[in-house]
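Here's the structure we're looking at; comments come further down.
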Amino acid sequence: MVVRADGGRRLDLPRWLFPDALAEGDVVAVRREGEGELARVELRLDRAATAAARAEAAALLGRLRRSEPGGGRAP
């Protein structure tokens, strides 16, 4: 699974690390506790952040379609 981290960096991580309900475009919150060999990492689906990101993408797409002649459709 390819993951885009903060700052745009892309990481290739195994799918088994993530929650089963994860889908393309979902936002995953990461929390780390502890240090060294005893560090623990928790991954959870952030539904609120996912909804916000999808709404932002839809709004951007709508603005792009309105700004193109013909609404972005091929002639």
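Because only heavy atoms are used, hydrogens play no part in the values below, and waters and symmetry mates are left out as well, while side chains stay in.
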Legend entry - Euclidean distance, L43 CG relative to R32 CZ, rounded to 0.5 Å: 13.0 Å
Inset, instruction - Find the distance between CD (E24) and CE (M1) and round it off to the nearest 0.5 Å. - result: 9.0 Å
Inset, instruction - Measure the shortest side-chain to side-chain distance between V30 and V41 over non-hydrogen atoms and say whether it is less than 4.5 angstrom. - result: yes
Legend entry - Check: F18 and L45 side chains under 4.5 Å, non-hydrogen atoms: no
Legend entry - Single-linkage hydrophobic cluster W16~V2, side-chain heavy atoms < 4.5 angstrom: no
Inset, instruction - May I ask you to decide whether E33 forms a salt bridge with R31, counting only side-chain N to carboxylate O separations under 4.0 Å? - result: yes
Inset, instruction - Considering only NZ, NE, NH1 and NH2 on the basic side and carboxylate oxygens on the acidic side, decide whether R54 and D26 come within less than 4.0 Å. - result: yes
Legend entry - Nearest heavy atoms of R15 and L22, plus distance in Å: NH2-O, 3.3 Å
